[in-house]
Amino acid sequence: MKIDAIESEMSSEFVHLPPTAKSASEADLAPATTTHGSNTTQLTLPVMSRTTEYLDNESRSGSIEVSVSDTPEVIEEAAVLFASDQSEIAEQLLLNAIADNDLGASTHIVWWMLLDLYQITGKQQEFDNLSVDFANKFETSPPTWIDILTLDPQAKNQERPGSIPAVAFSGKLDANIGKQLERAQKLSASHPALRLEFTRVSSVDPIGCGLLLRMLKKLQKAGLDLTLVGADELAERIREILQVGRRDETAAPWLLLLEILHLLNLEQAYEDASIDYSITFEVSPPPFIAPHNKVITAAEENIPSPGIPAGNTLLMPTLIEGRTDELLTKIQTHANAHSPAIMDCSRLIRVDFSAAGELLNGLAVLASNGNAIEFHGVNHLITALFKVVGIHEIVRVVPRKN
């Protein structure tokens, strides 16, 4: 029913969700206001002594020693919250700090962090509003909105007449993907093919899965040829919220997983997922049939972004979480062949807080062996996190140019 209501509303305007419930009690909330042009927004913010009180036990695992620095607490707290996948609380914290306007020389960093957060979570309207305030406050041009067309030169070329247009999904795949779905719907009416990007999706929820599932069905019914980028990664994000035998409010995540495996023409994986689906819902999904439309899977090429030196560059993934052994092995191999070894972080959205500790330890070993490593194009949220855990003391960290 929720998916029906959202899809119906999309026909006239973008989707707006009610605020999610906060874990803090009402007694722990403090008011703040922020102004965008003529609009004033009242916010309720958690009163935080230290960030770690908002982290779950898993986020606290591992031995990460947070060094004391002269960086304002709000920057460190927002960085750790975002790294722990608490983007909504991080957003409110940054908004509160901007409203207080008491950050001294670090003021611009907080603005950059919030602008990066809006880009990552796909909130372009909020980004545009904040950009206007940024220009007025600092009397300089604000950072530009970054989408797949600026990150992937191949996708940019595809916007030329006669080429395949692209729709990029980023952040959490939830009810807020209305803008991307509307764009896909409009493009399907005037193009025979469409490129869908999922490499920057960090997590999914059932509502987002249902909305995307319906759009994929519509695109196939319309006869469009599809190019899917990051579909394997999206399938993994979906599997993370599934549990065999547990019936959730909707079967949409299961059905989206099956649809992706169908589009990728992965018959054995489809059959394996079908068994798990049947066990969970006691009903069999449709049998596997090879897709009728032309479906191409595309991996993002290891192309350095503008301003990042070519040749000795290793492209970082969109998300660093869990065990970092494989990533550190790649970095070590690259560092053994190049000096300095440059890590292109233009696609890197988030580094999980626990993974940051493992990354720190691994980079410390490489640095002690004489390897020169540089992280280029790092967004301001990750830059702040690297400073919190001490990575900036081991490798050179170059923030994204604004």
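Numbering of residues begins at 1 and proceeds along the displayed sequence. From a predicted model like this one, the values you see are computed outputs, not experimental measurements.
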| Donor-acceptor pair, side chain of Thr318 and main chain of Arg200, under 3.5 angstrom | no
| note | d(Leu130 CG, Glu126 CD) to nearest 0.5 Å is 10.0 Å
| query | In terms of the angle between their ring planes, are Phe198 and Phe169 parallel, tilted or perpendicular, with boundaries placed at 30° and 60°? | reply | parallel
| query | Excluding sequence neighbours, so at least two apart, what forms side chain to side chain contact (heavy atoms under 4.5 Å, CB included) with Asn336? | reply | Gln332, Asn371
| said: Using 0.5 Å steps for rounding, measure from the CD atom of Glu91 to the CG atom of Leu93. | reply: 11.0 Å
| query | Are Arg239 and Glu236 close enough for a salt bridge, meaning some N to O gap below 4.0 Å? | reply | yes
| How far apart are the C-alpha atoms of Asn96 and Gln92, what are their side-chain angles, what is the distance that settles it, and do they pass the side chain to side chain donor-acceptor pair (under 3.5 Å) test? | CA-CA 6 Å; Asn96 189 45; Gln92 292 182 333; over 6 Å; no
| query | Does the side chain of Leu81 come within less than 4.5 Å of Glu88's, by heavy atoms? | reply | no
| task | Keeping the roles fixed (side chain from Arg195, backbone from Leu226), state whether a donor-acceptor pair exists under 3.5 Å. | result | no
| request: State, with a plain yes or no, whether a side-chain heavy atom of Tyr277 is found less than 4.5 Å away from one of Val283. | output: yes
| What's the shortest heavy-atom distance between Pro143 and Leu115, and which atoms? | CD-CD1, 3.6 Å
| Side chain of His380, backbone of Val110: donor and acceptor closer than 3.5 Å? | no
| message | So which atom in Thr140 and which in Phe134 form the shortest heavy-atom distance, rounded to 0.1 Å? | response | CG2-CE2, 3.8 Å
| salt bridge (charged side-chain N to carboxylate O under 4.0 Å, His left out): pairs with one or both residues in residues 248-263, sequence neighbours excluded | Lys2-Glu249, Lys217-Glu259, Arg246-Asp248
| query | Are Leu258 and Ser274 close enough that some pair of their side-chain heavy atoms sits under 4.5 Å apart? | reply | yes
| field | Side-chain (Gln220) to main-chain (Leu216) donor-acceptor, under 3.5 angstrom | value | yes
| field | Donor-acceptor pair, side chain of Asp100 and main chain of Asp102, under 3.5 angstrom | value | no
| said: Given 3.5 Å as the limit, does a donor-acceptor pair link the side chain of Thr199 with the main chain of Gly230, or not? | reply: no
| What's the shortest heavy-atom distance between Ile177 and Leu212, and which atoms? | CD1-N, 4.3 Å
| query | Measuring from Ile382:CD1 to Asp116:CG, what's the distance to the nearest 0.5 Å? | reply | 9.0 Å
| query | Do Arg350 and Glu321 come close enough that some side-chain heavy atom pair is under 4.5 Å? | reply | yes
| said: To the closest 0.5 Å, what do you measure between CD1 (Ile331) and CG (Leu363)? | reply: 5.5 Å
| query | Is the side chain of Asn379 donor-acceptor paired with the backbone N or O of Ile349 at a distance under 3.5 Å, no angle test? | reply | yes
| request: Taking the side chain as every heavy atom from C-beta outward, state whether Val167 and Leu194 have any atom pair closer than 4.5 Å. | output: yes
| field | Test side chain to side chain donor-acceptor pair (under 3.5 Å) applied to Lys123 and Asn176, step by step | value | CA-CA 9 Å; Lys123 297 182 177 181; Asn176 291 310; over 6 Å; no
| Heavy-atom closest pair, residues Ala184 and Leu219 | O-CD2, 4.2 Å
| said: Donor-acceptor pair, distance only, cut-off 3.5 Å: does the side chain of Thr250 make one with the backbone of Ala252? | reply: yes
| field | salt_bridge(Lys172, Asp85) N-O dist < 4.0 Å | value | no
| note | CD1 of Ile241 to SG of Cys209, rounded to nearest 0.5 Å, is 4.5 Å
| request: Compare all side-chain heavy atoms of Ser278 with those of Pro285 and state whether any distance is below 4.5 angstrom. | output: yes
| task | Find out whether Glu393 and Lys387 are in side-chain contact, i.e. whether some heavy atom of one side chain is under 4.5 Å from a heavy atom of the other. | result | no
| field | Where Gly245 and Thr280 come nearest, the two heavy atoms and their spacing | value | N-OG1, 2.9 Å
| said: Using 0.5 Å steps for rounding, measure from the CD1 atom of Ile109 to the CG atom of Leu103. | reply: 9.5 Å
| field | Heavy-atom check, side chain of Leu114 versus side chain of Ile98, under 4.5 Å | value | yes
| task | Evaluate side-chain contact (heavy atoms from CB on, under 4.5 Å) for Phe138 paired with Asp133, printing each intermediate quantity in order. | result | CA-CA 9 Å; Phe138 298 102; Asp133 292 347; over 6 Å; no
| All side chain to side chain contact (heavy atoms under 4.5 Å, CB included) counterparts of Lys330, not counting sequence neighbours | Leu314, Glu326
| Closest non-hydrogen atom pair, Arg237 against Ser203 | CD-N, 4.1 Å
| request: Spell out, as yes or no, whether a donor-acceptor pair under 3.5 Å connects the side chain of Asn101 to the backbone of Ala97. | output: no
